[in-house]
Amino acid sequence: MSKRNKIIYWVSTIWLALGMVSTGGAQLFKMKAGAGGEDMITHLGYPIYLLTLLGIWKLLGVVALLIPKFPLLKEWAYAGLFFLTTGAIYSHIASGESVSEILPALLLLLLTAISWFFRPTDRKIISVHQ
């Protein structure tokens, strides 16, 4: 892996982790305002108890991405973060919200894709049947 790719991977992964930890923490503590907060979730038509589940999933996803080894777990974490972010984007679009409301989820989706694409070989599942 080239030095450039390693830098891209770590910068995108750290920003992704920070974004997921901040929104996941806000959801776990059921903060009223902000990205993924209680006001937004109810505005989108979801029940408040969903905040706890989303917060836990985000934090567990970050842990899975940052710990060494466990490439299969990392693949599941990337998939989970992809589903979380695309679900958020779709919810905002379906609610008729402005682009500025969609941008945070879109940024997290982009960071998820970049981190996944540039992940080092030791964080990938390598097929033995090639």
Side-chain angles (χ1 to χ4, degrees):
M1 174 179 236
S2 73
K3 185 176 182 176
R4 178 188 69 94
N5 287 358
K6 191 178 276 193
I7 291 170
I8 292 170
Y9 168 75
W10 279 110
V11 168
S12 62
T13 303
I14 289 168
W15 278 105
L16 173 62
L18 290 171
M20 289 297 175
V21 166
S22 67
T23 58
Q27 289 170 329
L28 271 180
F29 292 112
K30 295 189 177 51
M31 305 204 67
K32 196 102 171 113
E38 194 175 305
D39 291 341
M40 185 177 291
I41 290 293
T42 54
H43 169 72
L44 294 174
Y46 295 109
I48 293 174
Y49 65 78
L50 190 61
L51 289 172
T52 303
L53 184 60
L54 293 173
I56 290 170
W57 280 347
K58 288 178 180 182
L59 296 179
L60 288 176
V62 168
V63 169
L65 292 184
L66 295 180
I67 61 172
K69 311 285 185 216
F70 306 105
L72 181 60
L73 182 62
K74 291 179 190 319
E75 289 296 317
W76 279 93
Y78 279 118
L81 296 177
F82 175 84
F83 294 136
L84 280 170
T85 54
T86 55
I89 291 166
Y90 179 78
S91 294
H92 288 294
I93 291 170
S95 296
E97 293 192 350
S98 67
V99 173
S100 65
E101 294 293 325
I102 300 168
L103 283 178
L106 194 57
L107 175 61
L108 289 173
L109 175 61
L110 183 62
L111 289 170
T112 300
I114 293 169
S115 175
W116 177 83
F117 184 80
F118 285 99
R119 71 199 187 285
T121 305
D122 66 341
R123 293 176 176 254
K124 295 180 182 179
I125 298 174
I126 299 173
S127 175
V128 294
H129 301 83
Q130 295 186 17

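Each residue takes its place number in the sequence, starting with 1.
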In one Ile/Leu/Val/Met/Phe/Trp/Tyr side-chain cluster, 4.5 Å: [X], [Y]:
X: Trp57; Y: Leu18; value: yes
X: Leu59; Y: Leu50; value: yes
X: Leu110; Y: Ile102; value: no
X: Ile114; Y: Met20; value: yes
X: Trp10; Y: Leu65; value: yes

> Pairs in or reaching into residues 14-23: which pass side-chain hydrogen bond (donor to acceptor under 3.5 Å, both in side chains), with residues at least two apart or in two chains?
Replying inline: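 Only Thr23-Lys58 qualify under side-chain hydrogen bond (donor to acceptor under 3.5 Å, both in side chains).
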
Could you check whether any side-chain N or O of [X] sits under 3.5 Å from a backbone N or O of [Y], counting only pairs where one atom can act as donor and the other as acceptor?
X: Arg123; Y: Phe118; answer: no
X: Ser115; Y: Leu111; answer: no
X: Lys74; Y: Ile67; answer: yes

>> Rounded to the nearest 0.5 Å, what separates atom OG in Ser100 from atom CG in Leu106?
In response: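 Going from the OG atom of Ser100 to the CG atom of Leu106 covers 12.0 Å.
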
>> What's the separation between atom CD1 in Ile89 and atom CG in Leu103, rounded to the nearest 0.5 Å?
In response: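 Rounded to the nearest 0.5 Å, the CD1-CG separation comes to 9.5 Å.
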
> Please, which pairs that meet salt bridge (charged side-chain N to carboxylate O under 4.0 Å, His left out) have at least one residue in residues 22-44, sequence neighbours excluded?
Replying inline: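 Only Lys32-Glu38, Lys32-Asp39 qualify under salt bridge (charged side-chain N to carboxylate O under 4.0 Å, His left out).
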
> So do Ser91 and Tyr46 actually touch side chain to side chain, heavy atoms under 4.5 Å?
Replying inline: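 Tyr46 vs Ser91: side chains touch.
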
> Can you tell me if Arg119 and Tyr78 form a side-chain donor-acceptor pair at under 3.5 Å?
Replying inline: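 Short answer, no.
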
